[in-house]
Amino acid sequence: MLVEEAFSSNWIAPAGPHLECFEREFCHYVEASHAVALSSGTGALHLALLLNGVEAGDEVLCSTLSFVASANPIRYVGAKPVFIDSDFGTWNMDPNLLADWLGRRAEKKRLPKAVIVVHLYGQCADLDPIQEVCDLYGIAVIEDAAEALGATYKNRYAGTSSSTGIFSFNGNKIITTSGGGMLVCKDAEWAEKARFLSTQARDSAPHYQHSQQGYNYRLSNVLAAIGRGQLAKLTEFIAARRSNFDYYFESLEDLAGIGFMPEPSYGKSTRWLSCITIEERESEVSSDKIRIALEAENIECRPVWKPLHLQPLFAHCEIIGGEVSEKLFRTGLCLPSGSALTEEQLSRVVAAIRSCF
Ligand SMILES: *Cc1c(COP(=O)(O)O)cnc(C)c1O
């Protein structure tokens, strides 16, 4: 086994052969130029902001419908988050809203430094128009692909279209090292710099010498061995997650007021999570009632992410739009979506939902 090999070869330190192999195999899977294995997706995003030159006082745009870790690193570098809404067709960043807002900001000569595009629940945002308008104004694009490893956009893998992309191997993600992350980039020097910053920024000298502030963000060789084993199963996990979604769709589609997270024709979602919406006026049952009914059956079910602009933590941040993500939060539910769910378990979930109608 890969982990036993990591122990028996005594490479337990945060360096070693599995780390390099994991990075190489990861690059191969997602067709990225360079990959740097890190201790978390959040740390990867922090380094991505540093690589892109984001500094204190800068503004950084971020998808509002996401997990808090998409925006926290903006504050780690002293920059200011500005949140932007989704569209109903993708649940991801609305490219038209972005273009309009950037146009207005360009007139005032107050442009943000970077845009963090989140690929939500296994599905890519509509990247090309986002990249195009950011290129027009010289704004860096960072892809938060923490939830979308293996998803595609026009035959490119999530995280690999822009200058930098990040992934997470946290416990709940599609592959896991218990905790971990990856940064991918197109530029070899940026990858070297990320490795340098993630290992305390040690200058090349026989003694310990430091001229820059660094971080302790490198993934360990043992966890990289786990990552390699997990990556080998990714294709299988994606198929299982997509088949969960298909099962829910076929068994619930007829219910009044039910909707499903759409899959735009530009790519393929991993369906990391299977998400539904409930239009209460049609269904006469609220998403909350369904969630509580599932809970009573000991079935875990969560509302869609609470938009970041509604979080007390970001109460004073600017929000562009907001109605779409607010509605998805009000009506959306994430159903059990594990790669190992059995048909019997899926049918229990379906029965519990149907009993509410
Ligand atoms: C999980 C997640 C992260 C953070 O990854 P960690 O490895 O937990 O630090 C960042 N962004 C999104 C959208 C996530 O879902």
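Indexing begins at 1, ligand by ligand and atom by atom, following the structure's order. Note that the structure is predicted; figures quoted are calculated from it, not measured.
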Among protein heavy atoms, which sits nearest to [atom], and what does the distance come to when rounded to 0.1 Å?
{"atom": "atom 11 (N) of ligand 1", "answer": "D144 OD2, 2.8 Å"}
{"atom": "atom 1 (C) of ligand 1", "answer": "K173 NZ, 1.6 Å"}
{"atom": "atom 8 (O) of ligand 1", "answer": "N170 ND2, 2.9 Å"}

Using a 4.0 Å cut-off to any heavy atom of [X], which atoms of ligand 1 qualify?
{"X": "G180", "value": "7 (O)"}
{"X": "A69", "value": "3 (C), 4 (C), 10 (C)"}
{"X": "S40", "value": "7 (O), 9 (O)"}
{"X": "S70", "value": "11 (N), 12 (C), 13 (C)"}

query: Considering only heavy atoms, does T42 approach ligand 1 within less than 4.0 Å through its side chain, its backbone, both, or neither?
result: both
- request: Would you mind telling me if ligand 1 is within reach of the side chain of A146, the backbone, both or neither, using heavy atoms under 4.0 Å?
  value: side chain
N or O pair under 3.5 Å between [X] and ligand 1:
{"X": "G41", "result": "yes"}
{"X": "S66", "result": "no"}
{"X": "E147", "result": "yes"}

message: Is the ring pair H210/Y208 parallel, tilted or perpendicular, if the boundaries are 30 and 60 degrees?
response: parallel
- request: Quick one: sort the H46 and Y217 rings into parallel, tilted or perpendicular, breaks at 30° and 60°.
  value: perpendicular
message: So does R330 get a backbone contact from the side chain of S287, meaning a donor-acceptor N/O pair under 3.5 Å?
response: yes
- request: State whether the side chain of K80 and the backbone N or O of I74 hold a donor-acceptor pair below 3.5 Å, judged by distance alone.
  value: no
Ligand 1 contacted by [X] (non-hydrogen, < 4.0 Å):
{"X": "G43", "answer": "no"}
{"X": "H119", "answer": "no"}
{"X": "G181", "answer": "no"}

field: Test applied, ring pair (Phe, Tyr, Trp, His ring centres under 6.0 Å); reference residue, F83; option that passes from F314, W101, W305
entry: F314
Option among D58, L51, L50 that satisfies the side-chain contact (heavy atoms from CB on, under 4.5 Å) test with V54: D58
Residue of the set D94, D85, T64, D87 for which side-chain hydrogen bond (donor to acceptor under 3.5 Å, both in side chains) holds with S325: D85
- prompt: What residue pairs, at least two apart or across chains, pass ring-ring contact (aromatic ring centres under 6.0 Å, His included) with a residue in residues 248-271?
  reply: Y153-Y266, F245-F260, F249-F260
message: Is the distance from the ring center of F167 to that of Y157 below 6.0 Å?
response: no
query: So R105 and E318, salt bridge (Lys or Arg N to Asp or Glu O under 4.0 Å) or not? Walk me through it.
result: CA-CA 13 Å; R105 276 302 195 85; E318 182 172 349; 3.3 Å; yes
